[in-house]
Amino acid sequence: MIAVSALVLMLGSAACSNSESSKQDAPAATAKTEAKAEGAPTTLNIRYIDEDSLSAHYNLAKDFKEASIRAFSRLESAQQSKAKEIQAFGSQIESKMRSNGYLSEDSYNADVAKLNKMQESAQNYLGNLQRNTEMEMAQQQQQLQDSVQNYIKEYNKSKGYDAILFKAAGVYFNPALDITDEIVEGLNARYNKVQKK
């Protein structure tokens with residue numbers, strides 16, 4: 001008798017939950033029906049771009065990559081130069097101290113103060129240089145993104161795709177949907193025209 005009562009209760013709660021879920025699904029079903037009624041497409045026309053390939057073949061991206069290599073090389077060279085200069089002066093103080101070259105404690109303290117000032121100055125100079133380099137790289141990255149996005153908007157006016165994604169946005173894309181070569185070709189044609197002016 002108890003088992004029958006428990007079974008009736010379970011069936012009743014299952015029926016309630018089914019009616020609750022069908023009530024929750026009703027708006028979604030209505031939205032789908034309305035979308036079909038409004039003439040919304042049932043399938044999306046999507047293409048994708050391989051960002052790595054774009055970076056490797058788009059001339060603006062290649063130019064910016066070379067510029068960033070040069071900028072970081074300048075930064076590294078400046079760091080080495082300042083370090084060498086400070087190390088040489090520090091060695092000079094040490095050598096002078098070992099050979100009793102300081103005639104007074106004041107002259108020693110003056111050299112140590114000069115060394116500290118050199119270190120502080122180098123730190124400030126290198127910090128500014130690094131910030132400027134990072135700002136330049138950020139501006140170039142923004143210019144590159146703007147260039148690609150603006151071109152894709154123009155490109156898509158004639159193609160009418162519903163979405164153009166970067167390959168990294170998904171796990172798998174059918175290779176037939178890859179438009180990277182077309183985009184790179186168009187970007188390079190536009191970039192080269194600007195370069196010739």
Side-chain angles (χ1 to χ4, degrees), residues 28 31-32 34-36 38-88 115-197:
K32 285 180 186 174
E34 288 173 3
K36 285 181 183 177
E38 292 174 12
T42 53
T43 60
L44 292 175
N45 190 5
I46 297 175
R47 296 295 183 270
Y48 76 90
I49 301 166
D50 183 349
E51 196 169 13
D52 292 337
S53 185
L54 183 87
S55 296
H57 297 101
Y58 179 24
N59 291 337
L60 179 63
K62 291 193 284 187
D63 288 350
F64 282 164
K65 184 176 181 179
E66 288 174 13
S68 70
I69 290 169
R70 285 192 304 270
F72 283 114
S73 178
R74 278 193 307 270
L75 180 60
E76 189 177 328
S77 178
Q79 288 171 335
Q80 290 173 354
S81 174
K82 292 291 181 185
K84 193 174 181 180
E85 185 181 321
I86 291 166
Q87 187 178 9
L115 180 65
N116 290 337
K117 186 73 175 169
M118 285 173 71
Q119 289 172 330
E120 185 182 328
S121 176
Q123 203 169 23
N124 290 336
Y125 171 76
L126 293 171
N128 286 335
L129 189 61
Q130 184 167 355
R131 275 189 295 280
N132 291 341
T133 301
E134 288 169 359
M135 280 174 41
E136 187 181 332
M137 297 301 104
Q139 288 172 347
Q140 288 178 356
Q141 188 62 34
Q142 186 62 52
Q143 186 180 344
L144 184 62
Q145 287 176 355
D146 290 347
S147 175
V148 171
Q149 287 176 1
N150 290 335
Y151 178 74
I152 288 174
K153 285 177 187 172
E154 284 299 313
Y155 169 86
N156 200 43
K157 283 180 183 176
S158 64
K159 300 295 182 176
Y161 298 129
D162 295 313
I164 297 176
L165 307 172
F166 283 118
K167 187 177 181 181
V171 178
Y172 172 78
F173 288 104
N174 182 335
L177 302 176
D178 186 353
I179 58 168
T180 307
D181 291 341
E182 287 178 53
I183 297 296
V184 168
E185 186 179 327
L187 283 167
N188 282 335
R190 186 174 73 167
Y191 179 61
N192 290 335
K193 287 179 186 172
V194 170
Q195 290 295 88
K196 288 175 185 174
K197 285 184 180 178

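The analysis underlying the following values was restricted to heavy atoms, covering all of them including side chains, and did not include hydrogens, waters or symmetry mates.
- Note that CD of E120 and CD1 of I86 are 11.0 Å apart. Values are rounded to the nearest 0.5 Å.
- Of all heavy-atom pairs spanning S55 and A61, the tightest one is O-CB, 3.5 Å.
- Here the CG atom belonging to N128 is positioned 11.0 Å from the CD atom belonging to Q123, to the nearest 0.5 angstrom.
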*Verdict with reasoning, Y48 to D178, per side chain to side chain contact (heavy atoms under 4.5 Å, CB included)*: CA-CA 5 Å; Y48 76 90; D178 186 353; 3.3 Å; yes
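- Aromatic ring orientation, Y155 versus Y161: tilted (interplanar angle from 30° to 60°).
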*What's the verdict on side chain to side chain contact (heavy atoms under 4.5 Å, CB included) for Y58 and N188, showing C-alpha distance, side-chain angles and the deciding distance?*
CA-CA 6 Å; Y58 179 24; N188 282 335; 3.2 Å; yes
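- Taking all atoms of both residues into account, the shortest heavy-atom contact from S147 to R190 is O-NH2, 2.8 Å.
- Taking both residues in full, the closest heavy atoms of M137 and S68 are given as SD-CB, 3.0 Å, listed atom of the first, atom of the second, then distance.
- Checked by atom type and distance alone, the side chain of R74 never pairs as donor or acceptor with a backbone atom of T133 at under 3.5 Å.
- Counted within 6.0 Å of NZ on K65, heavy atoms from surrounding residues, nucleotides or ligands total 12 or fewer; the atom is thus considered open.
- For the residue pair Y125 and A78, the shortest heavy atom distance occurs at CE2-CB, 4.1 Å.
- Side-chain N/O atoms of Q130 and E134 include a donor and acceptor closer than 3.5 Å.
- Rounding to the nearest 0.5 Å places CG of L54 at 7.5 Å from CD1 of I152.
- One distance of note links CD1 of I46 with CD1 of I179; it measures 11.5 Å at 0.5 Å rounding.
- Counting heavy atoms of neighbouring residues, nucleotides and ligands inside a 6.0 Å radius, atom CG of N132 exceeds 12 of them.
- Although no hydrogens or angles enter the test, the distance criterion places a donor-acceptor pair under 3.5 Å between the side chain of N150 and the main chain of D146.
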*Derivation and outcome, side chain to side chain contact (heavy atoms under 4.5 Å, CB included), residues L187 and Y191*: CA-CA 6 Å; L187 283 167; Y191 179 61; 6.0 Å; no
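- Taking each heavy atom of Q143 and F64 in turn, the nearest pair found is OE1-CZ, 3.4 Å.
- Surrounding CD of E182 are more than 12 heavy atoms belonging to other residues, nucleotides or ligands, all under 6.0 Å away.
- With a 6.0 Å radius and a threshold of 12 heavy atoms from other residues, nucleotides or ligands, Q87 has its CD atom at or below the threshold.
- A distance of 9.0 Å separates OG of S81 from CG of L126, quoted to the nearest 0.5 Å.
- We find the CG-CD1 distance between N156 and I183 to be 8.5 Å, quoted to the nearest 0.5 Å.
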